J.: 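Before we start, here is the structure in question, set down as structure tokens.
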There are 2 protein chains.
Amino acid sequence: MNPVFGEKRLNVENALKLARKIESDLYVLPELFNTGYAFTSRDEALELAEEIPGQTTEKLAEYCRENDVYIVGGIAERENGRVYNSAVAVGPDGLIGKYRKSHLFYAEKKWFSPGDTGFRVFTLKKLKVKIGIIICFDWVFPEASRVLALKGADIICHPSNLVLPYAQKAMLTRSFENKVFTVTANRVGSEKRGGYKFLFTGLSQVTNPKMEILVQASRDREEVKVVEIDVEEARNKKITEFNDLFLDRRVDLYREILG
Amino acid sequence: MNPVFGEKRLNVENALKLARKIESDLYVLPELFNTGYAFTSRDEALELAEEIPGQTTEKLAEYCRENDVYIVGGIAERENGRVYNSAVAVGPDGLIGKYRKSHLFYAEKKWFSPGDTGFRVFTLKKLKVKIGIIICFDWVFPEASRVLALKGADIICHPSNLVLPYAQKAMLTRSFENKVFTVTANRVGSEKRGGYKFLFTGLSQVTNPKMEILVQASRDREEVKVVEIDVEEARNKKITEFNDLFLDRRVDLYREILG
């Protein structure tokens, strides 16, 4: 997607128009898909943010109810005067849960409060699938995807507004090391506001536990793509008859990770 | 390298002959470079293993002393009737330290005891550089490289006998996420013994914190390559004016990593 800054109604409509183009069980939208990315002040972010559930969540829920599908997407969230860079998981029965971005990138630190939800796994009942959510820059911290995989996520949904060229390659490592699928839904286009200019890198993709890109979108066009996966591939962590990627972990030697 | 199974004297001589071809401050040799890989029994491994320090370590130390250099290489280690898949760090003043492979791959579990040293950082005094060591399959566990980087490693030395095609790509992620250099010294050739056949994937490489391969060796020939690096690149963990990859870690949200 290439959202228009501040045009929430338009952006949500556009997201659902894209969704309508293709049949899928689970749709993943970019980070901050309803507001755009380049805020110039905390007040502006607060103004455009919504409570969860709120207007955008309701619109997504309506679509999910009518089409019997699931959507994950990033929106700006307001709560008690704070603003979070959040994502919602919505299904046929409405809001399933939300995640607040844990690792804020660049000037986001000026507008958003750091996420306090931790890394959460949600069950998509109809699909019998467990998903986790990370947002954009969270990708660089292996702990984020690791925690989700250890909690049983089959698929890591990754709403993004990536401006650096690294994540798409690194998500292959995240997929392999955790034996999960990943869905990176990245923005295209650019935003120039208040002295900041961001050029988003597109190339949305789905990766599998074998370190393969199953489908990838373009660098610069709005696009919706679908791929069929067998989530069972994410549930067997064995990679040889002697090796299970989770059972082989040497937790006794990892203490320094928690400082 | 393409060691000959069981021919320890020949393999050590060959390693030093390769080293002599090129001037470097730090040389990294493959996993089990002195013994070869495809053991067929624990007794065979015990027989070929050495104490550390022992014969192979002494030979490496002699080379380091004469040439004022450092060597990291993988050897089979014997201690109290156990065998470890270990690596030594050796310098002009002799043995600096050893690491015992934490995550054993495939049939290694039948010959070797799991490493009990944890992930250790060694200072190469003359170079004013800190190195950490992981061995082969350790690469797939992000915690291993993470612990070394958090302990201050500038360079992760990665003696390997890789048979799968994934590590060379994933080490780019390890470099970027930890902002360290990595040196994967992988075997070439194949070994067929006792019902097992291994084809090693070569492509030894050095990666930098910008997610680049600085130099890469061939898939199937013995070769020694050198690259000059500025270790300072590994000491600044900032990636934007607002982001430091280590200070940004949300240790409060990673608890599940330790189970």
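Worth saying up front: this structure is predicted, and the values here are computed from it rather than measured. Protein chains get the first letters and strands the later ones, always in sequence-line order, with residue 1 at the start of each.
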J.: I need the minimum non-hydrogen distance between B:A49 and B:V83, along with the two atoms involved.
T.: CB-CG1, 3.8 Å

J.: Can you list the steps and then say if B:I134 with B:I156 is a side-chain contact (heavy atoms from CB on, under 4.5 Å)?
T.: CA-CA 7 Å; B:I134 60 175; B:I156 293 177; 3.8 Å; yes

J.: Indicate yes or no: does B:R82 engage B:E79 in a salt bridge with an N to O separation below 4.0 Å.
T.: no

J.: Looking at every heavy atom in both B:I133 and B:A87, which two are closest together, and how far apart are they?
T.: CG2-CB, 3.8 Å

J.: With a 4.5 Å cut-off on heavy-atom pairs, point out which of A:G118, A:P142, A:P165 contacts chain B the most.
T.: A:P142

J.: Pull out the residues in residues 169-177 of chain B that come under 4.5 Å of chain A, heavy atom to heavy atom, sorted by number.
T.: B:K169, B:A170, B:T173, B:R174, B:F176, B:E177

J.: Quick test of your reading of the model: are A:R42 and A:E47 salt-bridged, counting only N-O distances below 4.0 Å?
T.: no

J.: Do A:T207 and A:T182 pair up side chain to side chain, a donor and an acceptor below 3.5 Å, judged on atom types alone?
T.: yes

J.: Can you tell which part of B:L258 gets under 4.5 Å to a heavy atom of chain A, answering side chain, backbone, both or neither?
T.: both

J.: Are B:F5 and B:F39 an aromatic pair by the rule of ring centers under 6.0 Å?
T.: yes

J.: Nearest heavy-atom pair of B:N178 and B:K237: which atoms, and what distance?
T.: O-NZ, 2.9 Å

J.: Indicate yes or no: at least one non-hydrogen side-chain atom of A:V72 is less than 4.5 angstrom from one of A:V88.
T.: no

J.: Salt-bridged, B:E143 to A:R255, with N to O below 4.0 Å?
T.: no

J.: Test the A:R78-A:Y84 pair against the cation-pi criterion, namely NZ or CZ under 6.0 angstrom from the six-membered ring centroid and within 45° of the ring axis.
T.: no

J.: Quick check: under 4.5 Å, non-hydrogen atoms only, which of residues 209-220 of chain B neighbour chain A?
T.: B:K210, B:M211

J.: Do you know which two heavy atoms are closest between A:L162 and A:N186, and how far apart they sit?
T.: N-OD1, 2.7 Å

J.: How close do B:E77 and B:S86 get, heavy atom to heavy atom, and via which atoms?
T.: OE1-OG, 2.7 Å

J.: Among A:L164, A:V147, A:I257, A:L150, who wins on heavy-atom pairs under 4.5 Å with chain B?
T.: A:I257

J.: Return yes if some donor-acceptor pair links the side-chain N/O of B:S204 with the main-chain N/O of B:G202 below 3.5 Å, else return no.
T.: no

J.: Taking non-hydrogen atoms and a cut-off under 4.5 angstrom, which of residues 99-116 of chain B neighbour chain A?
T.: B:S102, B:H103, B:L104, B:F105, B:Y106, B:A107, B:K109, B:K110, B:P114, B:G115

J.: Of the non-hydrogen atoms in B:D154 and B:A234, which two are nearest, and what is the gap between them?
T.: O-CB, 3.6 Å

J.: Going by residue number, which parts of residues 241-253 of chain A are within reach of chain B, meaning a heavy-atom gap below 4.5 Å?
T.: A:E241, A:F242, A:N243, A:L245, A:D248, A:R249, A:R250, A:V251, A:L253

J.: Salt bridge check, B:K151 against A:E256: does any charged N sit closer than 4.0 Å to a carboxylate O?
T.: yes

J.: Using the benzene-type ring in the case of Trp, are the ring centres of B:Y254 and A:F141 under 6.0 Å apart?
T.: no

J.: So for A:F119, is it side chain, backbone, both, or neither that comes closer than 4.5 Å to the heavy atoms of chain B?
T.: side chain

J.: Taking the ring of B:Y37 and the ring of B:F198, is the distance between their centroids below 6.0 Å?
T.: yes

